[in-house]
Every structure is written in C-alpha cells, then in structure tokens.
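Working notes for the structure below.
Bear in mind that the values here come from a model prediction, so they are computed numbers and not experimental data. Each chain gets a letter, A, B and so on, in the order its sequence line appears, and its residues count up from 1.
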Amino acid sequence: MSTAIFKPRPEQVAQESDGTVSNYLNASFSIRSWLLTVDHKRIAILYLISISAMFFLGGIFAMLIRMELLTPAGDLMQSETYNKMFTMHGVVMVFFFLIPATPAVFGNFLLPLMIGAKDLAFPRLNLLSWYLYTAGALLAIGSIVFGGVDTGWTFYTPYSTTYANSNVILAALGAFIAGFSSILTGLNFIVTIHKMRAPGLTWFKMPLFVWGHYATSIIQVLGTPVVAITIILVALERLFHIGIFNPELGGDPILFQHLFWFYSHPAVYIMILPAMGVISEVITCFSKKKVFGYEFIALSSMAIALLGFLVWGHHMYTSGQSTYASLVFSVLTFLVAIPSAIKVFNWTATLYKGSVSYDAPMLYAIGFLGLFTIGGLTGVFLATLAVDVHVHDTYFIVAHFHYIMVGGSIMGYMAALHFWWPKITGRLYPEGWARFSALIIFIGFNLTFFPQFVVGYLGMPRRYHIYPEEFQIWNVFSTAGSSILGIGYLIPLIYLIWSLKSGPKASPNPWNAKGLEWERCPSPPPTHNFDHTPVVIEEAYAYEHKIWIK
Amino acid sequence: MSAKNTALQHHFNDLDQQYQASQLGMWAFLVQELLFFGGLFAGYVVYRNLYPEAWTLGSHELDVSLGSTNTAILILSSLTMAMAVYWAQKGQKTKLVLFLVATLILGCSFLGIKVIEYSHKVQHHLLPGNGFSFDSPLADQVRIFFSFYFAMTGMHAFHMIVGAGILIWLIVQAMKGRYTAEYNTPIEMFGLYWHFVDVVWIYLFPLLYLIGRN
Amino acid sequence: MGDIAFFPEQASTLAGQVDLLYFFLIAVSVFFALLIFSLIYLFAVRYRRRSEDDVPKEISGLLKLEILWSVIPLILVLFVFGWGATLYFDAYNPPKDAMEIYVVGKQWMWYIQHPTGQREINKLHIPVNKPVKLTMATEDVIHSFYVPAFRVKKDVVPGMYTTMWFNAIKTGEYHLFCAEYCGTKHSQMIGTVVVMEQADYQKWLSGNDSNEPLSVTGEKKFQQLACHTCHKDKANGRGPSLVGIFGKQAQLQNGQIITVDEDYIRKSILNPGDDVIAGYKPVMPTFQGQISEVGLLQITAYIKSLANSGSK
C-alpha cells in the first residue's frame with residue numbers, strides 16, 4: 001500500500017473543462033441572498049454553520065467537566081459552577097446539536113435531491129425553521145451569558161421550578177423555540193416524502209436515508225409538542241407558582257417526569273434514526289453492493305419510531321412509580337432493542353462478498369457499527385429492572401448514552417459530512433487526514449467512555465462535582481481519552497475549512513455511488529437541482545447496474 | 001395573468017401537487033397541535049382524578065352562560081368559515097370576503113367575552129399567583145384547577161388570536177382577488193385550522209365549565 | 001494496596017444476585033459484540049476492494065436469516081426481562097418482619113431516625129443479617145438514597161413517602177450517595193452505612209445519649225400541636241380515635257376504602273380536607289408549614305405505637 005490512498009483518484013477530481021459552472025453556491029454572493037434564501041441547500045449550509053458553532057460550545061463545557069473530574073476534589077471550580085457546566089453541556093448538545101444535526105444539515109440538503117424534487121414542500125417554512133433554531137440558540141447562549149443554568153438538562157421539578165436560582169426560564173425558552181424548529185422541519189420532510197417523489201420512485205425504492213428521516217420526522221411532529229407544553233408549565237410554575245409540580249401546593253413532581261420523558265425518550269430516536277439512514281448509504285456505497293434486507297431496515301425504522309413512544313418510564317424505575325408500571329416499561333424497552341439489532345445484522349451482512357474500501361466515510365460507518373453495538377447492548381442492561389436500579393443515575397448511564405449519541409449519532413454525522421462533502425462543496429477533503437482523524441476519534445472515544453461503565457457500576461453517581469478517591473483512576477483514563485477525542489474533532493474542522501479553498505475540485509460522483517444526488521447532478525448541484533425531473537426505474541443501491549455520471 | 005400562473009410555486013410540478021402538499025401539511029400541523037394540547041389534557045385528567053371536589057368547586061366559579069354563549073359563537077363561526085370556503089370554491093369574491101369578515105367578527109366576540117371572563121376572575125382573586133385566594137380548605141387544589149383553566153383557555157385564546165391575525169391577512173388578500181375557483185387553498189387550509197380550534201373549545205367547555213352541574 | 005476494583009462489595013442479600021444477572025448480561029454482550037466485530041473485520045478484510053472493476057455478488061436478503069436474528073434476540077431479551085423483573089419485585093417488596101428506620105433527605109444531608117430514638121446525620125447504623133426497611137421522605141426537592149454495596153436505590157419525593165429495604169450480609173462501612181441531582185452540594189450529600197454485628201449494634205444503640213423512642217417524641221408533639229383535643233381515646237371526639245387505627249382499613253366520606261398507612265396519616269395532617277373518614281366533618285385544620293417531615297414521622301411513629309395497645 002503506497003501513499004496512493006492519500007491522493008484523490010483521477011475519477012474523483014473534476015475535469016479541467018468544467019470551468020465555473022453556475023451552482024447553488026455561486027448563484028449569488030450577497031448576504032441577503034443567503035439570509036433570505038429559500039433554497040434547501042443554502043438553508044442546510046446555514047444550519048451547518050450554526051450547528052457546528054453550538055457543537056464546539058457544548059464541547060468546551062465537556063472539556064471543562066473532564067478537567068474538573070481529573071481530581072476527586074472540587075479544585076478547578078465551585079460546585080455551583082460545575083453544576084452549570086454539565087447542565088449547559090447537556091442542553092446545548094441535546095437540543096442544539098444532536099436533535100437537529102443530521103436532519104437539518106443533511107436531511108435538508110439531500111432529501112429533495114434523493115427523491116428527485118426541486119426543493120422541500122415548504123421552502124419558506126424551512127427558512128423559518130432555521131431562524132427559529134437560531135433564535136432558540138441565542139436564548140440558550142443568553143442563559144449562559146447571564147450566569148448559566150444548573151438544573152441538569154432534565155429540569156426535574158421541584159428543583160427547577162421552586163429552588164433553582166439560575167436562568168431556568170431563559171434556557172427552557174431557548175429549547176422551546178428550537179423545538180418548533182424541529183417540528184416544522186419534521187412536518188416539511190413528511191409532506192415532501194409523501195407528495196414530491198419523482199415518477200417511478202415508490203416507497204420501497206427510496207434510499208434508506210429517506211426512510212430514516214421519515215421515521216424521525218414522525219417522532220419530531222408527535223413528540224416535541226409535549227415537551228413544549230411541559231416547558232411552558234415549568235415556566236408558569238416558576239413565574240406564577242401555579243402549583244402544578246409543587247407538592248406543597250398540591251402538585252405532583254413526578255407528573256413532570258412523565259411529561260418530560262414522554263418526549264425525551266423518543267427524542268433519542270430522533271438523534272439516532274437519521275444517523276442510521278446515513279450508515280445505510282455509506283455501507284452500500286463502499287461495499288458497492290445492495291443493502292442486505294432493505295425492507296427490514298426500512299420497516300425497523302418505523303418500528304423504532306412507534307415503539308419508542310411506549311418506553312419512557314424506563315427512566316423512572318427508581319422514581320417511586322408503581323412496580324407494575326416499571327414492569328410494562330421494561331418489557332417494551334426490550335422489544336424496542338430488537339429492530340436496532342436487526343439493522344446491525346443487516347449492515348454487517350451487506351459487507352459479505354462486497355467490494356469494501358476504507359475511505360473515511362466508511363471508517364466512520366464501521367466505527368458506528370462497533371460503538372452503536374456496544375451502546376445498544378448496554379441499553380439492554382438498563383432495560384433490565386434489577387440492574388438499572390443499581391446503575392441508574394450513575395456513570396453507567398452516562399457511558400451508555402454517550403456510546404449511542406457520540407459513538408452512534410456523531411459518528412453518523414461525521415460519516416455524512418465526509419461522504420457528501422464533495423457534493424455539497426464541490427471540493428475533496430484530504431483523505432489521509434480524514435482517515436487519521438477517524439481513528440483518533442474512535443480511540444479517544446473508547447478511552448473516554450468505556451471506563452465510565454466501570455466507575456458507574458462501582459457506584460459513582462452522575463452530576464457529581466466531588467467524588468470519593470477510589471473512583472479517580474477511572475476518571476483519569478476518561479479525561480485522557482477526552483483530550484484525544486477533542487483533538488480528533490478539531491482536525492476535521494481545520495482540513496474541511498481548508499478544503500473549501502484549496503481542496504481539489506470534485507467530480508460529480510467521486511465515490512461512484514448510486515443515488516439521484518450522485519448520478520443526476522453535478523458537485524455542487526445547481527440551484528434548481530435537476531435539469532430534467534429524473535424518472536426512477538431502479539431499486540435503491542442497484543450497484544449491479546451502470547452508474548450514471550453526469 | 002390568471003391566478004393559476006402566479007399561484008403555482010416554483011418547486012411544485014402542478015397546482016394539484018401543491019394543493020395535496022398543503023393539505024397534508026396542514027393535517028400534520030393539526031396532529032402536532034393535538035399533542036400540544038394533549039399534554040395539558042393529560043395533566044388535567046391526572047389532577048381531576050386526584051382532586052374531584054376541588055374541580056367541582058372551581059368549575060362552579062365559572063360563568064356557564066358566558067361559556068355557552070362563547071361555544072355558540074365559535075360553532076357559528078365554524079359555519080361562517082365553512083361558507084367562506086364554499087364561496088371561495090365557487091369563485092364568489094364578495095361572498096367570500098363577507099363570510100371571512102363574519103368569522104373574524106365572531107372570533108373577536110369570543111375573545112371579547114374571554115376578556116370579560118378573565119378580568120372577572122382576576123377581580124375575584126382567582127388568577128393563580130401571589131394574588132390567589134379562595135375560601136376553602138381545598139384552596140390549593142382549586143388553585144391548580146384554575147391553573148389548568150387559564151393555561152388551557154389561554155392557550156386556546158392564543159390560537160384564536162393568531163387565527164384572527166391570519167384572517168385579517170386573508171381578508172386583505174381576498175379583497176385583492178387572490179382567491180379563485182382554481183386556487184383557494186389558503187382559505188381551505190385556514191378553515192381546517194379554524195375548525196380544529198373550534199373542536200378544542202368544544203372539549204374544553206364541558207371539561208372546565210360543566211363539572212357537577214345537572 | 002492497589003487492587004483496582006471493578007465491582008462494589010457484595011454486602012447485601014440482593015447484591016450477589018444482581019451481580020450474577022449483570023455477569024450474564026456481560027457474557028451475552030461480549031458474545032454478540034465479538035461475533036459482530038469479528039464478522040465485520042472478517043468481511044472488511046476478506047472482501048476488501050482489490051480493483052475498481054470489482055463486481056460484487058448481489059445478495060438482497062434472506063428471510064430465514066432475518067427471522068433467525070430477530071427471534072433469537074427476542075427470546076434472549078424476554079428471558080432477561082423475566083429474570084430482572086423477578087429480582088426487582090424482591091428488591092422493592094420488603095419482608096413483613098423488616099426493622100423500620102426513617103430517613104429524611106434535605107438539601108444537603110441525610111437525617112436518619114431510628115424508632116428507638118437514635119438520630120444520625122449522614123450515617124446509618126444497622127445490624128448485619130436483618131432485613132431493614134427504610135421509610136423515606138424529603139423536606140425539599142427530589143433526592144435519591146443509594147447504597148452501591150447493597151445494589152439498591154430509591155428516590156425520595158416531596159409530597160409522599162417512598163420505601164426500600166435491604167438485608168446486609170457483611171459487616172463494614174459502605175458508601176451512601178445521593179443519586180438524584182438536587183442542587184449545589186449534591187455531590188456532598190453523602191454518608192456511610194455502618195453494618196455491625198448484633199452485639200455491637202446493641203452496644204451502639206444503648207451507647208448513644210439516652211434518646212427517647214420516636215413514639216414518645218411523637219406523643220409529645222401530638223400534645224404540643226393539640227391533636228388530642230379532637231382525637232381522643234374514644235370515638236366521641238371531633239376526629240376519629242387513633243387507637244389501633246394504623247394498618248387498618250377505613251372508609252372515606254366518598255365510600256372509598258383505604259388503608260391507614262404512613263401516606264394517609266401524612267396527607268391527613270397536611271391536607272385534611274381530602275379523604276375525610278366517613279361520619280366525620282371536614283373541620284380539621286391543616287398543619288402545613290407548622291410541622292416538618294421529621295415531625296410527621298414522629299407523630300406517625302406515635303400513632304403506630306397506639307396500634308399495639310388495641311387488639312389486632
């Protein structure tokens with residue numbers, strides 16, 4: 001193996017004769033044309049910028065948390081400050097990164113392209129979604145600037161409603177507004193997928209990326225309103241002492257938990273389903289093969305969306321809810337694990353007798369398979385009643401959800417970023433650096449979070465500023481890993497931005513992938529997407545057929 | 001230039017696709033609204049089960065005649081809205097505007113009566129907050145009833161206000177001749193929204209006003 | 001002494017059972033993880049791209065395989081569910097002869113009250129090999145009483161009592177943590193559970209400053225708050241007699257039958273207008289704000305002691 005992998009292959013680079021063709025990026029350069037755009041591709045770029053900013057903000061909080069946890073004593077900052085750190089890390093990462101990331105950036109950019117449409121169903125609503133997201137993000141940043149929030153991202157009552165002295169309402173309102181961004185995006189996707197598919201594109205010919213986003217959108221539309229009204233009730237309770245969650249006034253604090261988790265559990269499926277859609281696209285392309293079990297992967301997304309609404313009580317086994325309720329939630333939680341397992345098996349089988357290459361997107365996808373498997377298996381531990389009683393609210397939980405959200409969702413996002421970067425920007429990123437970063441991220445991630453399973457079972461509770469000395473060794477491993485992980489995320493930031501100006505120009509289909517976005521439009525696409533509406537005759541991932549290159 | 005050409009947005013193939021998309025979009029939006037109110041209804045059910053006597057006490061403080069009047073007003077406004085849609089589909093601009101205006105007037109009457117009811121409640125110290133007072137050992141629970149009363153009717157009223165705002169805009173556009181027999185989707189979609197807001201009230205009214213009354 | 005621990009000590013009857021289930025889950029997980037990882041590695045290496053002109057075999061799926069890898073995990077998870085549920089039921093259903101201790105959490109400490117009168121802050125002394133049932137309350141926000149060595153945890157929720165139980169099998173000192181975020185000093189709301197041999201425990205009980213039993217303190221409080229003016233020994237008071245009432249069934253105004261337990265007593269003192277006993281007027285004033293969670297436990301202990309003098 002020579003350094004040939006570090007240079008782009010000839011067919012990946014644009015022909016000299018292409019010149020500067022008009023595309024969605026150079027159609028107009030004015031700020032106005034960007035801020036008032038209704039082009040789904042430009043809106044995706046707007047999201048990419050704001051979401052990346054929020055990601056690194058959340059990452060700064062993470063860094064501060066891990067630095068404090070190097071030592072058992074609370075020597076880097078005061079307890080109140082630390083409590084704000086983990087709260088804001090959670091609020092920013094959950095509401096302003098993980099929920100929107102893949103749908104708002106890649107869903108927006110790719111859905112119309114993948115189904116042969118000129119745009120989403122409601123382009124102006126799409127722009128409104130971005131403004132809502134940005135407004136929500138500004139409110140959240142406001143709550144940080146004005147002194148922070150310290151309730152934990154879960155805002156449990158009555159602490160958040162009666163006792164907390166921090167900027168609860170500001171942060172909650174930020175999440176509320178961002179929630180409407182999420183709802184409108186989901187609504188847009190649902191209508192687009194139903195009504196705007198190109199001729200010949202039946203449901204079971206659609207790319208699995210589209211199926212994944214369809215299932216996600218259903219959850220967004222059905223689940224988010226419930227947390228929206230819950231946030232309003234928390235704000236009303238804080239402002240007017242209406243009593244709904246305050247036992248001293250006749251209220252029930254556990255009602256909050258039910259209402260909150262009714263959304264927040266399906267929310268984790270909002271975070272993972274789009275990433276799963278990405279994995280299907282990447283694994284097929286880099287195995288040059290049809291996906292194994294297409295219908296099963298498609299329908300398992302729908303099963304996850306449905307079942308995901310029935311399991312929220314597994315966050316409440318120790319809350320004082322009835323043991324019978326816990327039983328029901330436990331068995332349903334086990335059931336929701338099955339469709340995810342089916343996907344992992346099908347993706348693995350897709351590799352069988354394929355032609356597997358190790359480009360960066362594929363490295364991220366394979367990394368996803370490994371880390372999501374671990375995260376998912378540990379979810380089975382948590383569905384198990386007696387075990388969860390011991391590990392609930394410990395670092396075992398923290399490790400579990402980071403395996404899924406970082407090892408799963410973010411790996412999927414990085415895979416998408418690299419896979420579609422040439423299509424979105426018209427440039428190739430440096431493959432050598434990309435593979436190196438993928439490796440760094442994988443190693444750093446495992447070193448950060450695997451020790452947390454151990455220290456969690458040992459009994460270290462989460463959200464602890466100061467902890468007993470015997471837990472230190474695991475925290476040191478974890479912090480060491482987090483510094484590696486942090487570097488792993490910074491490197492792509494550098495080379496991706498570098499590639500915008502100095503990367504080789506990309507050909508329309510540098511990966512030789514199947515899919516309308518690759519085969520029927522250049523990189524980057526023109527504003528109107530397709531010169532002629534494509535007519536679809538092939539199934540998805542029909543790699544046995546010729547690949548169209550425009 | 002016929003309305004047909006200006007009404008078709010650039011990303012749709014034809015008016016029919018655009019119409020179907022609008023319809024599905026509005027229904028999806030209404031489903032979301034259902035879940036939004038659903039959270040409040042869920043909380044209501046929980047507390048009504050816990051505090052049935054307080055719920056009755058609180059309900060008796062509400063003015064049934066004003067509430068019934070409002071119910072009648074809203075149902076009538078759904079009728080006028082349906083007529084507006086009908087005349088829009090028939091391409092009759094004057095009648096369309098007439099019924100839109102009628103709907104707006106009825107909607108504003110509803111809101112006016114709500115203002116009367118709310119100020120009455122505030123005067124009698126029934127607004128949850130520091131000024132709340134109710135002479136009964138169940139005062140705390142009655143306060144929770146009123147929290148739901150204000151949250152649910154308040155959220156409903158907010159939706160009516162937004163609806164009224166959209167109605168004004170529709171009236172202006174209708175007067176400009178924007179809606180024809182070929183293209184009247186916004187009227188129809190708004191009609192769906194208005195009916196939904198009406199239906200929510202039809203559930204709210206008995207749940208809040210008619211507890212323990214024969 | 002640098003033995004790195006991977007598991008807390010197994011200090012309760014439940015701990016070993018939970019660990020067994022945990023090991024089983026680890027074994028199953030390792031099996032499936034290794035299976036998947038090795039297949040991925042195998043396929044990715046064996047079927048690596050050798051030329052850009054590779055034409056892979058088109059395999060779109062195999063129904064038998066789908067069924068196989070759906071049904072086998074399903075059976076496995078249902079088995080694990082049953083196992084975990086059984087343990088959970090045991091963990092949350094205290095045996096009838098369990099020794100009772102009261103716990104009140106408040107920002108940011110644990111107040112422990114033995115019925116015999118001893119009070120502790122952030123420490124819980126218990127005898128080995130005896131089931132202990134904790135009845136727990138909180139003065140302010142939700143906390144969670146967590147003893148990793150016993151593998152048990154239960155939230156304390158304002159407005160209600162929660163209970164949990166354990167049977168310590170090993171003497172020693174074990175961590176007690178608050179496991180539900182509760183504000184600034186959440187991570188300092190920690191303590192120690194001290195498990196002692198029976199003899200040592202008896203010594204500890206008597207060694208403390210002679211505290212009066214909780215029920216005696218409760219009786220004093222009962223008098224101090226003038227409860228006795230309405231709740232007399234006989235049934236002719238403005239309120240029902242409390243002699244022998246604890247643990248019994250009673251009928252409410254609305255016809256409902258309830259059990260007079262800690263929760264009912266607490267509710268009757270704080271919200272007397274709810275759930276009035278049949279045949280009595282709702283004239284009892286509320287004591288909200290006049291009595292703390294600890295005071296409520298004292299009165300409850302007193303009322304419980306009245307049950308002994310009545311006939312069962």
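- For B/Tyr47, the part lying under 4.5 angstrom from a heavy atom of chain A is the side chain only.
- Contact count versus chain B (heavy atoms, under 4.5 Å) is highest, among A/Leu259, A/Asp252, A/Ile190, for A/Asp252.
- For the options A/Thr533, A/Val221, A/Thr230, A/Ile232, heavy-atom pairs under 4.5 Å to chain B are most numerous at A/Val221.
- A side-chain donor from one of A/Arg42 and A/Ser33 sits under 3.5 Å from a side-chain acceptor of the other.
- Residue B/Phe132: no heavy atom, backbone or side chain, is found under 4.5 Å from chain A.
- Heavy-atom pairs under 4.5 Å with chain B were tallied for A/Pro123, A/Ala228, A/Pro112; the largest tally goes to A/Pro123.
- Proximity to chain B is limited to the side chain of A/Leu233, based on heavy atoms less than 4.5 angstrom apart.
- Aromatic ring pairs are classed by plane angle as parallel below 30°, tilted from 30° to 60° and perpendicular above 60°; the pair B/Trp201 and B/Phe205 is parallel.
- Comparing B/Gly38, B/Gly131, B/Pro128, B/Ser147 by how many heavy-atom pairs each has under 4.5 Å with chain A, the most go to B/Ser147.
- Note on A/Asp119, A/Leu239, A/Leu236, A/Val38: by heavy-atom pairs under 4.5 Å with chain B, the leading option is A/Asp119.
- B/Ser65 and B/Asp63 share a side-chain donor-acceptor pair at under 3.5 Å.
- With a 4.5 angstrom heavy-atom cutoff, B/Phe148 touches chain A only via side-chain atoms.
- The aromatic rings of A/Tyr156 and A/Phe256 lie perpendicular to each other, with more than 60° between the two planes, well past the 30° mark.
- Between the side chains of B/Thr153 and B/Tyr118, a donor-acceptor pair is found at a separation under 3.5 Å.
- Of the N and O atoms on the side chains of A/His194 and B/Gln20, not one donor lies less than 3.5 Å from an acceptor on the other residue.
- Ranked by heavy-atom pairs shorter than 4.5 Å toward chain A, the options B/Leu50, B/Val46, B/Ile144, B/Val31 are led by B/Ile144.
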